[in-house]
Amino acid sequence: MGTEVQGDWKRRESWKSALVQVAVVAVVLAGAVTYFVHRGAVRKETEERMRAARSAALRGNPADLTRAMAELETLFQVDAEARDGQALAADIQTVLWLEHHQPGADAKAREYLSRAEALDSRSGERYSARALHLLAEGKTAEAEKYLADLQAQGANSPRLTLALALTLQAKGDLPGARQAFARAAEGAYRDTRFTTAYAEALLDEGQHAQAVEVFEKTTSVNPDHLMARLGAGLAYAYQGKKLEEAQRALATASEKDAELTPSLRSRMGALKAELALTRGATDEALQEADAALKTVPDDVYALFARARALSARKGPEARAAFEAAVAKRRTAPLLYLDGARSLQASGDNTGALALLDAYEGTFGVIQVATADGKKVSLLEQDGRYWLARGGLLEAAGQQDDALTAYDKAIAAKGVGLARAQYAKGALLVLRKDYEGAKALLATVAPDTGAGTLPEAYTAMGDLLFAQSAYAAGCQHYYFGLVRARSQGTSRDELAARIDSVKKGLESAGQGPMAKAWMNETGALLQ
């Protein structure tokens with residue numbers, strides 16, 4: 001009986017054990033399925049939210065960046081440890097902080113970056129944000145080393161290239177920065193941030209036409225990109241052309257008043273000031289610039305507009321105003337070179353030369369690599385600087401020093417080579433060194449009419465008249481008038497030039513040729 005009872009007990013326990021094991025397995029399986037289903041759902045939502053955030057950020061306007069942050073905040077409610085999401089949030093807040101001056105964005109940028117680093121995000125957003133934060137703290141050398149270490153480890157992305165471009169720009173290595181901006185924009189051509197940054201760098205250098213071209217790449221992706229529209233408007237205003245486009249940019253921005261960040265408001269004010277200057281309304285320009293500076297006190301373009309307005313009024317404060325603009329962005333050639341031209345036009349040659357001395361102090365220590373790998377001073381390749389300096393020295397009556405500066409501009413063989421050759425040639429005409437002048441001017445004012453500088457043809461005309469070659473001189477004057485007209489010179493100015501040549505012919509006893517000249521050039525005034 002004992003044996004039977006024992007056998008029954010074993011059978012009963014085995015049955016229960018089996019049921020328990022089945023139940024346990026079922027629970028474990030159910031838990032595992034639930035876990036993996038939940039994990040898969042979280043991963044799917046993470047990917048979708050990240051994709052939506054990146055897509056919104058690509059368009060670049062503050063409203064787009066706000067929408068991107070909303071996607072990320074929703075993501076963090078599902079997965080607070082989405083490390084690449086934290087890095088992207090740090091990147092967006094860094095843009096709002098450094099580019100838009102959005103209140104509170106600096107603290108948020110640091111907080112998100114700290115989280116991304118704690119979670120060990122390996123995304124480009126994390127590393128580029130850290131480099132930009134170092135730059136914002138004035139730690140340019142540290143930022144450069146940080147990026148160099150990443151590059152040595154094989155890290156490479158458009159964001160890191162953009163951070164490198166900004167670092168080189170802060171150092172004053174403008175050729176290197178320009179190349180890096182171009183590479184970053186090419187590598188992320190669908191992201192408006194990259195093309196806009198490149199265009200802004202060109203604007204800082206005073207390369208207005210090239211800046212417009214790159215701004216247009218931004219607006220080809222997002223036609224309503226506010227910073228690009230306003231930036232292109234500034235470039236147009238500096239050139240004094242397509243001012244209706246600049247006005248349209250202002251109208252577009254005004255329609256989105258609720259979305260404007262402090263930087264966009266100050267940029268609007270700077271553009272309004274520059275447009276007022278094109279109309280000669282210096283008081284209005286000063287008011288608009290001052291209003292812009294109340295929004296962002298260190299806005300470089302508003303400071304520059306203010307200085308230009310004071311200079312146009314021939315105010316004694318103009319020089320200090322230009323120096324204030326330079327102090328905020330020491331590696332922006334626009335502020336020095338155009339500032340010097342403005343001061344020269346107002347009669348302050350001393351202030352103009354002081355600005356160029358400051359330019360030489362900033363860039364004279366910069367060494368850049370040549371095509372063959374050698375290191376040379378940046379100033380040796382800076383034809384624009386030497387051309388500007390030569391013009392100021394010539395205006396001050398220091399002709400020998402001006403010729404030396406023009407020679408350096410020619411030796412640089414940059415994009416301003418033709419203008420440097422013209423400037424030296426025109427000065428040699430004044431000094432009656434006609435043979436030396438002709439050798440230079442013939443390259444930029446050929447008798448085929450293929451040259452592009454109207455003033456070079458005028459200088460060659462002056463030279464030929466001085467040598468009594470009146471027919472050839474008239475031909476060159478005519479080529480100059482045709483080029484000037486095609487480049488937008490006003491009818492009144494063309495008429496004045498035509499009349500000046502006529503008087504020159506008459507005073508030389510060339511009455512019949514003067515009448516023929518007036519007959520031939522009459523069509524240019526129609």
Side-chain angles (χ1 to χ4, degrees), residues 59-64 99-101 192 195-196 198-200 202-296 299-313 325 334-335 338 341-342 485-493:
R59 293 183 59 78
N61 275 332
D64 303 312
E99 296 180 21
H100 287 279
H101 289 77
T192 57
T195 47
T196 302
Y198 184 20
E200 295 267 338
L202 293 169
L203 197 60
D204 277 0
E205 289 199 47
Q207 299 189 34
H208 308 313
Q210 297 92 325
V212 168
E213 183 179 344
V214 181
F215 276 129
E216 287 175 349
K217 292 182 179 179
T218 299
T219 53
S220 70
V221 175
N222 178 8
D224 296 322
H225 193 283
L226 298 175
M227 193 63 82
R229 293 287 300 275
L230 293 171
L234 264 183
Y236 285 134
Y238 291 148
Q239 296 176 90
K241 60 173 61 174
K242 293 190 176 181
L243 301 182
E244 67 284 356
E245 290 292 334
Q247 291 286 359
R248 274 196 282 271
L250 283 175
T252 299
S254 298
E255 291 169 0
K256 299 186 178 182
D257 183 75
E259 301 175 20
L260 299 182
T261 57
S263 287
L264 286 169
R265 292 186 186 281
S266 62
R267 180 63 59 87
M268 285 180 65
L271 178 52
K272 288 177 181 178
E274 293 294 347
L275 287 172
L277 283 175
T278 64
R279 302 192 304 272
T282 55
D283 290 344
E284 179 186 343
L286 191 58
Q287 291 173 0
E288 293 291 357
D290 285 339
L293 291 169
K294 288 180 181 178
T295 305
V296 180
D299 185 287
V300 168
Y301 296 111
L303 286 168
F304 187 53
R306 183 176 189 276
R308 279 162 51 83
L310 289 170
S311 183
R313 294 170 61 179
L334 168 74
L335 309 179
D338 282 26
R341 278 189 283 271
S342 294
R485 184 190 185 198
S486 69
Q487 293 173 16
T489 301
S490 70
R491 184 181 183 282
D492 289 344
E493 187 171 343

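Only this structure's heavy atoms are used, side chains among them; waters, hydrogens and symmetry mates stay out.
A side chain to side chain contact (heavy atoms under 4.5 Å, CB included) with R267 is found for exactly one of V296, L226, T261, L230, namely L230. The residue from R313, K272, R279 that alone fulfils the salt bridge (charged side-chain N to carboxylate O under 4.0 Å, His left out) condition with E284 is R279.
The pair D224-R59 does not meet the salt-bridge criterion, since no charged nitrogen lies less than 4.0 angstrom from a carboxylate oxygen.
Contact check for R229 versus M227: no side-chain heavy atoms found under the 4.5 Å cut-off. Within the 4.5 Å cutoff, the side chain of L334 has no heavy atoms near those of the E205 side chain. A 4.5 Å side-chain heavy-atom check between H208 and Y236 finds every atom pair outside the cut-off. By the 4.5 Å heavy-atom criterion applied to side chains, M268 and S254 are counted as neighbours. No side-chain heavy atom of Q287 sits under 4.5 Å from any side-chain heavy atom of D290. Within the 4.5 Å cutoff, the side chain of E288 has no heavy atoms near those of the L275 side chain. At least one side-chain heavy atom of D204 sits under 4.5 Å from a side-chain heavy atom of Y301.
Across all non-hydrogen atoms, the minimal contact from A237 to L243 is CA-CD2, 3.9 Å. Closest non-hydrogen pair, A285 versus A309, comes out as CB-CB, 4.0 Å.
Rounding to the nearest 0.5 Å gives a distance of 4.0 Å between OG1 of T196 and NE2 of H225. For the atom pair T278 OG1 and K241 NZ, the distance stands at 14.0 Å (nearest 0.5 Å).
In K294, the NZ atom is not crowded: 12 or fewer heavy atoms of neighbouring residues, nucleotides or ligands sit closer than 6.0 Å.
Side chain to side chain, T295 and R265 fail the donor-acceptor criterion of an N or O pair below 3.5 Å.
The aromatic rings of F304 and Y238 sit perpendicular to each other, their planes meeting at more than 60°, with 30° as the lower class boundary.
Every residue was checked against the ring-ring contact (aromatic ring centres under 6.0 Å, His included) condition with H101, not counting sequence neighbours, and none meets it. Residues forming a side chain to side chain contact (heavy atoms under 4.5 Å, CB included) with K217 (at least two apart in sequence, or on another chain): T195.
Although no hydrogens or angles enter the test, the distance criterion places a donor-acceptor pair under 3.5 Å between the side chain of T252 and the main chain of R248. Between the side chain of T218 and the backbone N or O of A228 there is no donor-acceptor pair closer than 3.5 Å.
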